[in-house]
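Small disclaimer: the values here were computed from a predicted structure and weren't measured. Throughout, a chain's letter reflects where its sequence line sits, starting with A, and its residues are numbered from 1.
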Protein chains: 4
Amino acid sequence: MARVSDAHLAARRHSILVAATKCFSQKGIAAATMAEIAAEAGISPGAIYRYFENKDDLARWCMDESAEAIKHAWENPTSAEMSFVELSRLTFAELNKPEVAIDTQLFLERALIFVRDEHAGALGEFQAEFEKVRAGILFLMERQFGPAPEDVDVQAIAEALYGFYWGARVMKLLMPEVNTDAQVEALHSLIGHALDKTCGK
Amino acid sequence: MARVSDAHLAARRHSILVAATKCFSQKGIAAATMAEIAAEAGISPGAIYRYFENKDDLARWCMDESAEAIKHAWENPTSAEMSFVELSRLTFAELNKPEVAIDTQLFLERALIFVRDEHAGALGEFQAEFEKVRAGILFLMERQFGPAPEDVDVQAIAEALYGFYWGARVMKLLMPEVNTDAQVEALHSLIGHALDKTCGK
Amino acid sequence: MARVSDAHLAARRHSILVAATKCFSQKGIAAATMAEIAAEAGISPGAIYRYFENKDDLARWCMDESAEAIKHAWENPTSAEMSFVELSRLTFAELNKPEVAIDTQLFLERALIFVRDEHAGALGEFQAEFEKVRAGILFLMERQFGPAPEDVDVQAIAEALYGFYWGARVMKLLMPEVNTDAQVEALHSLIGHALDKTCGK
Amino acid sequence: MARVSDAHLAARRHSILVAATKCFSQKGIAAATMAEIAAEAGISPGAIYRYFENKDDLARWCMDESAEAIKHAWENPTSAEMSFVELSRLTFAELNKPEVAIDTQLFLERALIFVRDEHAGALGEFQAEFEKVRAGILFLMERQFGPAPEDVDVQAIAEALYGFYWGARVMKLLMPEVNTDAQVEALHSLIGHALDKTCGK
DNA sequence: TATGAATGAGGTTTCATTCAT
DNA sequence: CATGAATGAAACCTCATTCAT
């Protein structure tokens with residue numbers, strides 16, 4: 001079976017990641033076994049080790065993939081043409097897809113691991129992401145609503161929105177029926193009340 | 001024929017829970033070993049089994065304790081005399097204590113376990129808690145601000161506030177330096193703008 | 001089975017060493033399995049790990065024990081009262097015991113390991129032993145035969161005797177029937193011819 | 001239908017043997033992997049199996065090669081014209097070459113394997129070699145020194161010399177700096193004292 | 001009742017060997 | 001013929017749990 005194309009190898013590697021992500025999210029990283037993952041991927045346990053150093057490495061790739069997917073949720077390619085409200089709506093609408101639960105789960109496992117290990121680098125990366133998103137939200141809010149009044153802490157609002165995003169992920173995980181869209185609309189409405197120049201007239 | 005007083009038994013049981021909670025949050029439930037917990041509690045591994053069925057049972061008690069602690073955060077005993085804003089402030093101020101991270105961690109582990117098992121009972125309990133808190137927030141908001149205008153979805157605001165609470169826990173876990181208090185104040189301010197009758201004048 | 005006496009623990013540890021030494025010499029260190037050793041020792045595989053870090057550690061203890069036994073062969077407690085020839089005779093007579101083959105085997109495995117790893121410390125230890133034995137042989141030869149003539153390199157003879165000792169071990173390993181005692185006598189005779197003042201008269 | 005010349009096949013087979021001998025002596029036969037050997041030989045793991053049955057077979061060829069090389073050390077082509085002392089000197093001088101360590105290592109691994117398996121054939125072969133060398137030494141000693149005196153056990157001296165040869169190999173393995181040449185000279189001197197007719201005059 | 005030595009199932013990982021390409 | 005991806009048996013080791021003391 002020698003001299004397999006790179007595409008084949010990449011596909012095999014990807015199929016292992018998919019299988020592992022499924023098993024890890026279904027049973028938890030610690031409880032999922034390499035044998036299960038191999039079976040799910042339709043290969044032998046030993047084969048996994050040609051593509052990943054060990055279970056930890058495999059888990060890290062899965063978790064990183066989820067973290068990356070979550071990051072990208074905030075980097076909508078069409079954002080340039082969208083208003084703050086539209087983009088926010090779109091970002092939260094994503095959470096209604098059932099498959100985002102898997103990303104949330106793996107992200108939370110990752111977060112727990114990093115917190116336990118006091119993994120400064122990883123936590124710093126999260127902070128950087130936090131700051132990038134905050135800046136993005138700030139920019140969009142100002143573009144839509146113009147400069148904020150003195151008495152409104154736009155920065156804190158942006159941070160709160162990002163915090164609410166994580167809360168929404170956790171709530172959707174535990175209660176898929178919860179209507180986060182309505183909550184977002186309510187927040188938009190509050191923000192509109194406070195920032196929109198039409199308010200108060 | 002009990003040679004040992006009930007109080008002693010309860011104390012020992014509690015010391016095991018404390019030790020287990022420490023180990024579980026430090027290493028994760030799966031990675032923490034019964035031997036470590038026993039050492040931390042200053043007893044022998046075998047002794048744990050006189051107080052808890054098995055490791056799962058012990059973990060469940062720890063996680064439930066954390067979940068209970070989180071629940072109580074919203075049920076401030078002095079709430080009767082407090083305004084919505086004061087109570088909210090107090091509840092979020094709790095999150096600045098470093099030790100709440102442990103509760104957050106164990107709660108998240110619990111959440112992940114329940115989601116994996118599709119543990120309907122446990123998820124229902126979370127939903128019940130969610131609804132109770134939402135009702136409480138609604139009640140307090142109405143008591144403070146009076147009936148909401150037609151165009152403000154107070155229910156969704158209450159839900160969003162609860163969601164933000166979970167987001168704040170996650171953010172504090174990953175970035176202890178984040179200023180959730182300022183974010184809460186910003187949200188209060190937004191809510192005030194929308195609901196307070198003084199607005200617009 | 002708690003609170004077992006130290007004597008019991010030491011005995012158990014020793015029985016593991018005995019079982020491991022048997023298995024290691026019978027199958028080689030690499031080929032012997034922990035399960036076999038456990039079975040030989042009449043315990044479960046897991047129990048071994050309460051007494052030894054891991055297989056390597058266990059093997060090291062076995063090999064060190066063999067090396068120690070070989071060292072002691074040259075340190076006969078009654079040596080003070082014995083002549084060089086008597087002590088030499090006794091030391092080589094030991095090699096007729098079939099059980100010394102085990103020590104030879106484990107020592108050789110150890111030597112191979114140390115050579116592969118270029119384990120300077122261990123090789124230095126062997127050198128120290130070499131020098132100690134050489135000095136001992138020199139001392140005994142001088143005590144028995146007096147100062148050596150100018151043209152006889154007593155030091156080299158002592159070294160050669162030690163080298164021959166190792167050769168004898170290897171030969172006995174491969175050909176247990178070989179008569180090393182006669183060889184020793186022949187060497188003694190040669191040494192006598194050269195050193196004994198009666199020679200040449 | 002052979003596409004590849006026999007010479008090419010033989011060359012490749014030889015290169016595998018060289019690579020395997022290097023790996024086996026560096027890491028031990030058990031620890032060296034077929035993949036490593038293949039990499040060292042610059043071919044694929046699968047290709048080895050076209051030239052050797054399996055790892056054991058390959059190891060046997062390597063070990064036999066070493067054993068053969070050691071045998072040949074005693075069968076110096078120019079021996080016919082040499083005295084006992086000259087040939088002995090030459091044979092031991094070989095041990096100063098660092099590369100003989102590899103042969104010693106592999107020979108010892110082979111010896112350990114044969115002893116473990118009680119491999120009668122192989123051990124018999126060693127005995128035959130032993131007897132051939134003994135006879136050779138005897139012949140040479142008689143040719144050089146003439147018939148031995150009654151009181152000198154020339155046979156035992158020959159055996160002892162062969163035993164010393166193995167000891168010298170082991171010592172050189174563990175202490176490359178040891179001066180085996182001087183030891184040999186000392187033994188020659190002893191033998192000369194005892195056998196040379198000039199002695200005593 | 002507490003102890004902690006022992007168990008042994010089960011997990012991860014390695015690697016000799018095979019065989020489709 | 002060579003390749004090297006895949007297999008899968010088997011090894012090491014861990015640790016929740018038990019139970020003799």
Discussion item. Side chain of A:K55, heavy atoms from C-beta onward: which of F:dA16, E:dT17, E:dT12 has the nearest atom to it?
Written reply: E:dT12
Item to complete: Examine F:dT14: is either OP1 or OP2 under 4.0 Å from a nitrogen or oxygen in the side chain of C:R50? Give yes or no.
Response: no
Practice prompt. Taking only Lys NZ, Arg NE, NH1 and NH2, and the carboxylate oxygens of Asp or Glu, determine whether B:E109 and B:R60 approach each other closer than 4.0 Å.
Written response: no
Worksheet, complete the sentence: The answer to which of C:T33 and D:I43 contacts DNA chain F further toward the 5' end, by nearest nucleotide, is D:I43
Worksheet item: Relative to the ring of B:W61, is the ring of B:F52 parallel (under 30°), tilted (30 to 60°) or perpendicular (over 60°)?
Response: perpendicular
Worksheet item: Does the pair C:R110 and C:E65 meet the rule for a salt bridge (charged side-chain N to carboxylate O under 4.0 Å, His left out), with working shown?
Response: CA-CA 11 Å; C:R110 191 169 97 129; C:E65 214 175 44; over 6 Å; no
Worksheet item: What nucleic acid atoms does A:Y51 come within less than 4.0 Å of, heavy atoms only: base, sugar-phosphate, or nothing?
Response: sugar-phosphate
Response to the item:
Closest to the 5' end of DNA chain F, once A:P45 and C:P45 are matched to their nearest nucleotides, is A:P45
Item to complete: Output yes when C:E99 and C:K22 qualify as a salt bridge under the 4.0 Å nitrogen-oxygen rule, no when they do not.
Response: no
Worksheet item: If you look at every strand shown and take non-hydrogen atoms under 4.0 Å, does A:A32 touch a base, only sugar-phosphate, or nothing?
Response: sugar-phosphate
Worksheet item: With a cut-off of 6.0 Å (strictly less than), are more than 12 heavy atoms of other residues, nucleotides or ligands near CD of C:E53?
Response: no
Worksheet entry | Which nucleotide in E:dA16, E:dA5, F:dT17 has an atom nearest any side-chain atom of C:V4 | E:dA5
Discussion item. Tell me whether the side-chain N/O atoms of B:R12 come closer than 4.0 Å to OP1 or OP2 in E:dA2.
Written reply: yes
Worksheet item: Which residue lies toward the 5' end of DNA chain E, D:E53 or B:S44, if each is placed at its nearest nucleotide?
Response: B:S44
Worksheet entry | Among E:dT13, F:dA2, E:dT18, the nucleotide that comes nearest once only the side chain of D:A47 is considered | F:dA2
Discussion item. Just to be sure I understand: a Watson-Crick pair is purine N1 to pyrimidine N3 plus N6-O4 or O6-N4, both under 3.5 Å. Using that and G-U wobbles, which stems of three or more pairs involve DNA chain F?
Written reply: E:2-21 with F:2-21
Worksheet entry | For DNA chain E, the residues among residues 20-30 of chain D that have a non-hydrogen atom under 4.0 Å from it | none
